[in-house]
Amino acid sequence: MQLTAETRTTPDVTPRGGARDADGMAVASFVLGLLGLLVLNLFLGPVAIVLAGLALWRGTARRGRALLGLGLGVADLAVLAAFVAADHTVSWSLTG
């Protein structure tokens with residue numbers, strides 16, 4: 001018995017370009033959410049939330065990072081709300 005067809009051990013699948021973009025969005029949402037806890041949380045929090053949502057919608061392989069970015073983006077807005085409630089202004093500082 002002779003085999004004429006070539007046998008392959010791995011499937012011939014090319015990765016989608018969108019999946020790599022989604023992985024980058026997941027990492028960016030995590031980094032921006034983490035950075036937003038320190039500075040510019042009014043802007044970086046919503047950006048982290050949007051990037052995490054897009055990464056999850058596009059089916060990222062880095063789902064954990066996207067979920068962390070989503071959580072950190074929400075935490076950014078919670079920190080901002082706490083500081084706004086404390087001194088009744090949108091701009092806050094640690095010096096009082």
Side-chain angles (χ1 to χ4, degrees):
M1 179 153 97
Q2 220 175 11
L3 293 175
T4 58
E6 181 182 322
T7 59
R8 295 181 185 211
T9 57
T10 59
D12 189 20
V13 178
T14 59
R16 297 183 333 214
R20 194 171 73 180
D21 291 341
D23 292 347
M25 286 182 194
V27 172
S29 73
F30 172 71
V31 170
L32 291 177
L34 196 59
L35 188 62
L37 288 174
L38 302 173
V39 293
L40 296 173
N41 49 6
L42 179 63
F43 300 108
L44 295 180
V47 171
I49 292 170
V50 168
L51 284 176
L54 283 172
L56 290 170
W57 183 68
R58 288 186 178 188
T60 181
R62 298 177 185 231
R63 185 171 169 81
R65 291 228 175 102
L67 291 173
L68 281 172
L70 183 65
L72 286 170
V74 171
D76 292 346
L77 296 179
V79 166
L80 178 67
F83 279 120
V84 167
D87 65 356
H88 304 295
T89 64
V90 176
S91 64
W92 56 270
S93 68
L94 295 176
T95 58

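One-based numbering along the sequence shown.
- By the rule that hydrophobic residues join a cluster once side-chain heavy atoms approach within less than 4.5 Å of another member, V39 and L51 end up as members of one cluster.
- Listed here is the closest heavy atom pair of L68 and F30: CB-CD1, 3.8 Å.
- A continuous path of ILVMFWY side-chain contacts below 4.5 Å connects V84 to F43, so both sit in one hydrophobic cluster.
- Rounding to the nearest 0.5 angstrom, the gap separating the CG atom in L40 from the CG atom in L32 is 10.5 Å.
- Nearest approach of R62 to V27, heavy atoms of both residues: NH1-CG2, 3.6 Å.
- The minimum heavy-atom distance between A48 and S29, with the atom names listed, is O-CB, 3.3 Å.
- Neither V47 nor L77 shares a network with the other; the hydrophobic side chains, linked directly or stepwise wherever heavy atoms of I, L, V, M, F, W or Y lie under 4.5 Å apart, form separate groups for each.
- One hydrophobic cluster holds both L42 and L44 under the rule that ILVMFWY side chains link at heavy-atom gaps under 4.5 Å.
- Residues A55 and A66 approach most closely at CB-CB, 4.3 Å, considering heavy atoms.
- Results of the side chain to side chain contact (heavy atoms under 4.5 Å, CB included) test with D76 over L34, L37, L35 single out L37 as the only residue that passes.
- By the criterion of side-chain heavy atoms lying less than 4.5 angstrom apart, applied directly or through intervening Ile, Leu, Val, Met, Phe, Trp or Tyr residues, V31 is not grouped with L67; the two fall into different hydrophobic clusters.
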